[in-house]
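In what follows, chains are A, B, ... by sequence order, proteins preceding strands, each numbered from 1.
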Number of protein chains: 2
Amino acid sequence: MTPTPQTLTAERILEATEEVLRRHGPAKATVVDVARALGVSHGSVYRHFSTKAALREAVTKRWLDRTSDSLSGIVAEDRDPEARLRDWFTALFAAKRRKAGDDPELFATYMVLTEESGGAVGEHLAELTGQLRRMVQAGVEAGTFSTDDPDATARALFHASRRFHDPRYAPEWEQPGTEAEFDAVVDLLLRGLKA
Amino acid sequence: MTPTPQTLTAERILEATEEVLRRHGPAKATVVDVARALGVSHGSVYRHFSTKAALREAVTKRWLDRTSDSLSGIVAEDRDPEARLRDWFTALFAAKRRKAGDDPELFATYMVLTEESGGAVGEHLAELTGQLRRMVQAGVEAGTFSTDDPDATARALFHASRRFHDPRYAPEWEQPGTEAEFDAVVDLLLRGLKA
DNA sequence: CAGCTGACAGATTTCAATATCTGTCAGCTG
DNA sequence: CAGCTGACAGATATTGAAATCTGTCAGCTG
């Protein structure tokens, strides 16, 4: 039952920053704007994030983590690894395409953010290939997949499917035939994985 | 034995434009510069290319065609389709990586040009997937490959390997481990293709 | 008279003056 | 005294006036 203007916390700053980015876009969002939205001076924001870049990277990390978290459910399921892999790719592509289609401006904002925060993106890519590796290993243990280096194979799967999750291809995702191309690539990859 | 200032031809304009682009970069290269380099008025250039965009697209087309032409030799060889495919991917990756590494500024210039000339790029992609399709079909006829739709498979091969020929990934091509990733992706794709 | 020139209008880019923002810190406040 | 404020210096962004460029075309030239 506490009212909104509680103590200033990193979490509240991140929420306000997301809102400011949504409203103003990445080029015009300033930390003065964020401070104003919170009713504090901009000096207070610097008490929690030492730099504007650090603040933006933290927002980026939250956004990327939301995607990995939603996919981790599929990885954890107790099912045929091939079906899980297929569903994982489908879910990743669908999530990205939905975000890009529903709110193109916000998507463009996060594209700018990811380009500038190399560290958070690197961690995100590592997390996703880690999820792939777990499913590949499950398939190898079940005898349906065959590979001598599950980690390298996981990275290969990730790179071979970039056309369908790398934001830079977003403009091509709505063109006719993309769905069929996605299916053809996934089919080819899963065939190559079979024992 | 004719001296340089011959009659003004589309070919000579294209050569001069390439030179101006190399010198000034895509942002500062003007058609006045091109005319000056040729010793004519800029009005004369417009007699051969109706628009600055058309001129730039023609330059782009020439550059893209040079790549496809160098690869068509591999397609035409009378050899095991699997070996040809592997060599084709290797040659494409090597050519792109060499261009990006040898003269990064010129490569950046052509990246800008390709982004603005959609038509020429579309044709180039169609040419490359056409080359892939011919090798896939040869493999199907030889009984070493299996697919119900060689054209869709060719496009899948192309998209699955974009990490290694799409210029947007050029900054990642020099990072250690890229070679191994390339091999892993090609191995996976060729495995998926086998009968 | 086929091909080139150069002046022109409107669009785009450049540049420098001005305004705003980032990051710091001495001091205020509850 | 922990946490916040607001003034400040240097860096970055905005703005609008001036310069340059694109595309056209009437007329020149060989």
Side-chain angles (χ1 to χ4, degrees), chain A residues 2-60 105 108-109 111-113 115-119, chain B residues 2-60 105 108-109 112-113 115-120:
Chain A
T2 42
T4 310
Q6 311 159 309
T7 61
L8 189 59
T9 168
E11 183 63 21
R12 285 190 60 222
I13 293 174
L14 288 176
E15 275 161 24
T17 307
E18 277 189 343
E19 182 56 23
V20 168
L21 281 166
R22 192 189 312 273
R23 272 203 161 82
H24 296 46
K28 292 187 185 168
T30 74
V31 351
V32 172
D33 290 332
V34 174
R36 188 170 21 240
L38 289 162
V40 300
S41 92
H42 77 279
S44 301
V45 173
Y46 282 95
R47 183 157 297 281
H48 295 266
F49 296 93
S50 66
T51 261
K52 187 190 189 184
L55 174 57
R56 292 181 145 220
E57 179 147 4
V59 170
T60 308
E105 287 196 25
T109 292
M111 268 216 280
V112 172
L113 291 186
E115 263 154 46
E116 68 193 31
S117 24
Chain B
T2 43
T4 312
Q6 310 158 309
T7 61
L8 189 59
T9 168
E11 183 63 20
R12 285 190 61 223
I13 293 174
L14 288 177
E15 276 162 24
T17 307
E18 276 190 342
E19 181 56 23
V20 168
L21 281 165
R22 192 189 311 275
R23 272 203 161 82
H24 296 49
K28 291 187 186 168
T30 73
V31 352
V32 172
D33 289 332
V34 173
R36 188 170 23 238
L38 289 162
V40 299
S41 93
H42 77 279
S44 301
V45 173
Y46 280 96
R47 183 156 296 280
H48 296 267
F49 297 93
S50 66
T51 260
K52 186 191 189 184
L55 174 56
R56 292 182 145 220
E57 178 147 6
V59 169
T60 308
E105 285 196 27
T109 292
V112 172
L113 291 186
E115 264 154 46
E116 68 193 31
S117 20

Note to self: Any side-chain N or O of Ser44(B) below 4.0 angstrom from OP1/OP2 of dG3(C)?
What the structure shows: no

Item checked: Nucleotide paired to dC21(D) in any strand shown, Watson-Crick or G-U, under 3.5 Å -> dG10(C)

Next item on the list: Round to a whole Å and report the spacing from CG of Leu8(B) to C1' of dG30(D).
Entry: 16 Å

Checklist line | Partner of Phe49(A) under side-chain contact (heavy atoms from CB on, under 4.5 Å), chosen from Val31(A), Val34(A), Thr17(A), Leu14(A) | finding: Leu14(A)

Checklist line | d(OH, Tyr46(A); P, dG23(C)) in whole Å | finding: 4 Å

Next item on the list: Could you check whether Thr30(B) gets within reach of a base, just the sugar-phosphate, or nothing at all, counting any heavy atom under 4.0 Å?
Entry: sugar-phosphate

Next item on the list: Could you check how far CZ of Arg36(B) sits from P of dT5(C), rounded to whole Å?
Entry: 14 Å

Check: Does OP1 or OP2 of dT5(D) have a side-chain N or O of Ser41(A) closer than 4.0 Å?
Finding: yes

Check: Once you round it to whole Å, what is the distance between P of dC21(D) and CZ of Phe49(B)?
Finding: 20 Å

Next item on the list: Rounded to the nearest angstrom, tell me the gap between atom CG in Leu55(A) and atom P in dC21(C).
Entry: 15 Å

Next item on the list: From the options dT22(D), dG23(D), dG23(C), select the nucleotide whose nearest atom is closest to the side chain of Val31(B).
Entry: dT22(D)

Check: Between His42(A) and Arg47(A), who's closer to the 5' end of DNA chain C by nearest nucleotide?
Finding: His42(A)

Check: Asp33(B) CG to dC21(D) C1': how many Å, rounded?
Finding: 10 Å

Margin query: Does atom CD (Glu105(B)) have a neighbourhood of more than 12 heavy atoms from anything else shown, all under 6.0 Å?
Written below: no

Notebook entry, point to check: Considering every strand shown, what is the Watson-Crick or G-U wobble mate of dT5(C) when both distances are under 3.5 Å?
Noted result: dA26(D)

Next item on the list: For the pair Glu19(B) and Arg22(B), find out whether any cationic side-chain nitrogen is under 4.0 Å from an anionic carboxylate oxygen.
Entry: yes

Next item on the list: Between Lys28(A) and Gly43(A), just flag the one whose closest nucleotide in DNA chain C comes earlier from the 5' side.
Entry: Lys28(A)

Notebook entry, point to check: For His48(B) and dT5(C), what is the distance between atoms NE2 and C1' respectively, to the nearest whole Å?
Noted result: 14 Å

Checklist line | Where Arg56(B) and Leu113(B) come nearest, the two heavy atoms and their spacing | finding: NH1-CD2, 3.7 Å

Next item on the list: Quickly work out the Arg12(A) CZ to dG3(D) C1' distance and round it to whole Å.
Entry: 14 Å

Check: Say you draw a straight line from CG of Leu55(B) to CG of Leu21(B); how long is it, rounded to the nearest 0.5 Å?
Finding: 8.0 Å

